[in-house]
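Okay, so here's the structure we're looking at.
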Amino acid sequence: MTRKERILEFVSTSYKALTTKEIADALGILRNNTSKELNILVREGHLTKIAGRPVKYQALDVSPKEVVIQEEIVDTLPPSEPQTDIFTTMIGRKDSLKTQIEQAKAAILYPPHGLNVLITGPTGSGKTYFANAMQQFALKQGVIENENLIVFNCADYAHNPQLLMSHLFGYVKGAFTGAQEDRDGLIQKADGGILFLDEVHRLPPEGQEMIFYFMDHGTYNKLGEIAKAHHANVRLICATTEDPESSLLKTFVRRIPIMIQMPKFEARTVREQLALLKRLLTLEANRIQKNILVSEDVVKALLGSVTFGNVGQLKSNIQLVCAQGFLNCVDQVDQIKLDFEQLPQNIKDGVSHLASDRARLSKLSQLLEPVLTIQPNGSAEILSDSDRYELPYNLYEIIGNKAALLKEEGLAQDAINNFIMTDINVHLKSFYRENKISRTEKNLNELVDQDILQLTKNIMQMLHTESGYPIGENFIYAMSLHLSSFIKRVQSGKPMREVSDDLVTMVKDYPEDLTLAQKIRDMLEEHYEFSVPESEVYYLAVLLISLNSVPKHGKVGVVVAAHGNHTATSMVQVVNELLGVDNLAAFDMSLQMSPTEALNEIIKKVVQVDRGNGVLLLVDMGSLGTFSGKITEKTDIKVKTIDMVTTAMVLEAARKTALIDSDLELVYNELRDFNGYSRKPEDPSEELEDVRPRAILALCSTGKGTAQKIKQILDEILADELVDDVSVLTVSMVGLKDQLDEIAKNYRVIATTGIADPNLGVPYISLEDLFKGEHGKKQLITQLDNSKTWYVEKSVKPVVPEVDQAMAIRYLEQYYTFINPKKIIGVLWGYCDLLEAETDLHLSASRRLALIMHLGGVIERGLLGAPVTMTAEQEAEYTASVWKRAVESADDYLKEKLDLTIAPAEEYYIAKLLDTELLKS
């Protein structure tokens, strides 16, 4: 008897409906296999499925008596809320979405016809999912009759109000050419139900006025009619990624009484993030009908990989890794395994992103098991086909079919895996890239004509097909704006731009780009049917050269290594938040780690940040300062080491290495003499503060056209934010270095933006980011705020407060768990004073703080019974140390005050700290 037959026989002879677990336990069959067979039996018509929690199964031919028994069992159970309230199954219902769900229910149930709703939130945060849930809730509550959620994406018709009106409200025969009969619009289709207006901020003012008239009166006219003779009872749910106050008419916003803000993924609790991951993995398990085994590191990588796309990005990443796991385990019957080593690099990087948020990582670690097992539960949980992150095909069927076909052709498994994973990436990247390009076009629609956008896409295709020209993220912005400026100049009859001899000479050094520019010229002439002057070919070539500029060497890499569990990570995190650099890595050396192990781990970090120009190693003390020669010997990467690292030093290192092709020796020499940002105002030797006004450079191939458009956008943002001390300068990429000398005499450049990063050692804001509405605006304002504090000339050094006991307490509270800093800070401070007296040294502020932090670790390790050890070499070194007597004397003070004996290994590290202080002084 087959497994399916055994299950059918058992369920058919039972007097009651059974759960999957009851059947699996009774027959000794794995639960996921039982679930699979039960669903097949339901589809074949042998069994019926009874909704509830949990789902139950019974035979179709049960006797009337058995049916009564089952009904009595169901009736005696508490009412099953999920049957009428979909929100009870929504992740976050008791926490991050609690208020949102209450708002949604209030809007749906408000008498007599509910309230209109606006859902706001970033891309991928679940606005469409939430709208579908509201529709399902309304349907279950019986307040609407129309079972379909009618969806209208406003971006599709943003520049054609007539087409918008015809789709929304319908039209009558003869309303326009081709209107051969009357046709209802989406408003009529949504009668008795809900109309979902997605990306409502893309509605032009005329469209918003049409909608709010309908909201006020419930009546409308079709295109071609004069009187508003039609009526519909429609509830509206709108969604936007933008700030409603700045992107919608105030008269429109006033008519929507309830605004629901969907949270970012990072704003949701760790428990919710993990629950979302499990639910999305369950969707994939249901498609595969296999268990999915996920290691702890894979869970951390997936959650940490969500950097911009929220739940939508998590879903797409899960689809990719599950597809790869399915391919690797395609021959296994019951399960697939997701291994960390097989993850794509961008998802692996999620672990390091997560590590920078210690609180989140700690909470997640408490919730995780070494292996997470996801079982299929038969529920797809897809509310709507309008989910932009839902693939329109079964990826696993594609993989399975291709794997079987290739195996029949005799290919080895490794070759099959490589072939199919390439195919998977093409499928997924094309699917998500299509969404990304559509979002790009929506931003550009406000700046350039649709015709120019289409021509730019044709040019992109030509460049890719004929030359393999690298199409970066900025290309569609830069090229379309450039063409728009040129076409408008031609149409307005303005004279063409002249070409200097320097520009001609420069372009002739790039013959391939000049040839491509000539091909673009041919496309322009064919498309617009007018002659394009030779001067424009040179400017097109400059644009291509700028967009294709790749430095021969990268930045100097920086690795920060320090003792303690979070010391280095914390410093790097602070600098990353301030500067947003990409050439920093952190290594935290626990006091139990051997120097050899630490060396091997630091080598990995050095290789990670090396861009061809060497790596600067910033360390705190001890053996870490001796590694540079060994690292160079093993990796052939030039490494220079500076000890006594501080956050200020990391900040300065990041600033100095931000420049492409920066020089390791120069940065090292400057940082070696760096004493922090503090200065004494009364010191006459200090230079005067830099009083040059701040400036942002807007760059394009000519300094006109595109640059003028960028300047217009930036000026508007600065005016809105009441910033009047920043100038926007339009600059040509041609002869940029010569222009910079003149600019530097009068301005302090704090940022650049435009067609390409000129690598001036200041932050660059890409066109893509600039045109992202509120996102681009916030990035610019953040840069303006940062420039007041960190981007200063050598002569200007902001004051950093001296270390005091309050600051030391804050650091101790941040890094240690089992000590009470407020009670022991007086003793630790006294220890430092005593050590100064015994050694005739004056501890610098940073060294005093480092010593206090080390002593905090000594006390906590003593409480936990986890002392550090030292090698025989280190023991001999400490025995001969000039600081041994002074350290032991200070330790007697600590023993007297806290009844704590310090191990010789701990004393050794204190002596090494004094060594570095002596060298510094």
Side-chain angles (χ1 to χ4, degrees), residues 562-567 570 588-593 620-623 643-647 800-870 874-875 877-921:
H563 293 80
N565 293 331
H566 308 291
T567 310
S570 178
D588 299 305
M589 179 180 177
S590 68
L591 295 177
Q592 293 79 22
M593 183 179 288
D620 58 349
M621 62 181 181
S623 58
D643 61 8
M644 294 183 294
V645 62
T646 63
T647 302
V800 176
E802 289 294 322
V803 172
D804 57 15
Q805 292 191 20
M807 178 184 292
I809 289 172
R810 289 198 299 273
Y811 272 84
L812 289 166
E813 287 176 337
Q814 182 178 1
Y815 291 115
Y816 297 115
T817 306
F818 299 102
I819 61 175
N820 187 331
K822 293 179 181 177
K823 289 188 175 181
I824 65 171
I825 186 60
V827 176
L828 302 186
W829 202 267
Y831 181 100
C832 296
D833 292 340
L834 180 59
L835 204 56
E836 281 187 328
E838 291 283 342
T839 60
D840 290 329
L841 281 175
H842 173 68
L843 292 172
S844 65
S846 61
R847 200 53 52 199
R848 177 176 285 256
L849 183 59
L851 180 55
I852 288 173
M853 293 297 292
H854 178 77
L855 293 171
V858 171
I859 297 170
E860 183 150 302
R861 286 189 291 278
L863 295 172
L864 296 174
V868 298
T869 59
M870 59 180 172
Q874 291 171 334
E875 185 176 356
E877 183 184 353
Y878 177 54
T879 301
S881 172
V882 297
W883 311 115
K884 187 171 187 294
R885 187 193 61 77
V887 172
E888 289 175 344
S889 176
D891 288 351
D892 289 340
Y893 166 81
L894 205 62
K895 183 175 181 180
E896 176 189 344
K897 294 293 184 181
L898 299 178
D899 192 24
L900 178 69
T901 300
I902 297 187
E906 303 280 14
E907 294 177 337
Y908 166 74
Y909 283 109
I910 295 173
K912 294 300 291 182
L913 187 143
L914 294 176
D915 279 338
T916 57
E917 185 64 33
L918 179 63
L919 287 172
K920 185 69 178 177
S921 61

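Because the structure is predicted, anything quoted here is derived from the model rather than measured.
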Value rounded to 0.5 Å, distance of [atom1] in [X] from [atom2] in [Y]:
X	Y	atom1	atom2	result
Glu906	Ile859	CD	CD1	10.5 Å
Asp620	Thr646	CG	OG1	11.5 Å
Glu877	Lys912	CD	NZ	4.0 Å
Tyr831	Leu898	OH	CG	11.5 Å
Leu841	Leu835	CG	CG	8.0 Å
Trp883	Ile910	CH2	CD1	13.5 Å

Tell me whether the rings of Tyr878 and Tyr908 are parallel (<30°), tilted (30 to 60°) or perpendicular (>60°). perpendicular
Give a yes or no answer on whether the side chain of Thr567 reaches the backbone of His563 with a donor-acceptor pair at less than 3.5 Å. yes
All heavy atoms of Tyr893 vs all of Leu834, minimum pair found to be CB-CD2, 3.5 Å
Quick check: closest heavy atoms across Ala886 and Thr839, and the distance to 0.1 Å? CB-CG2, 3.6 Å
Report yes if some heavy atom in the side chain of Leu855 is under 4.5 Å from a heavy atom in the side chain of Ile824; otherwise report no. no
Does the side chain of Met870 reach to within under 4.5 Å of the side chain of Pro904, using non-hydrogen atoms? yes
Once salt bridge (charged side-chain N to carboxylate O under 4.0 Å, His left out) is applied, what residue pairs with a partner in residues 825-842 remain, sequence neighbours excluded? Asp833-Arg848, Glu836-Arg848, Glu838-Arg885
Here the salt bridge (charged side-chain N to carboxylate O under 4.0 Å, His left out) pairs for residues 887-898, sequence neighbours left out, are Lys884-Glu888
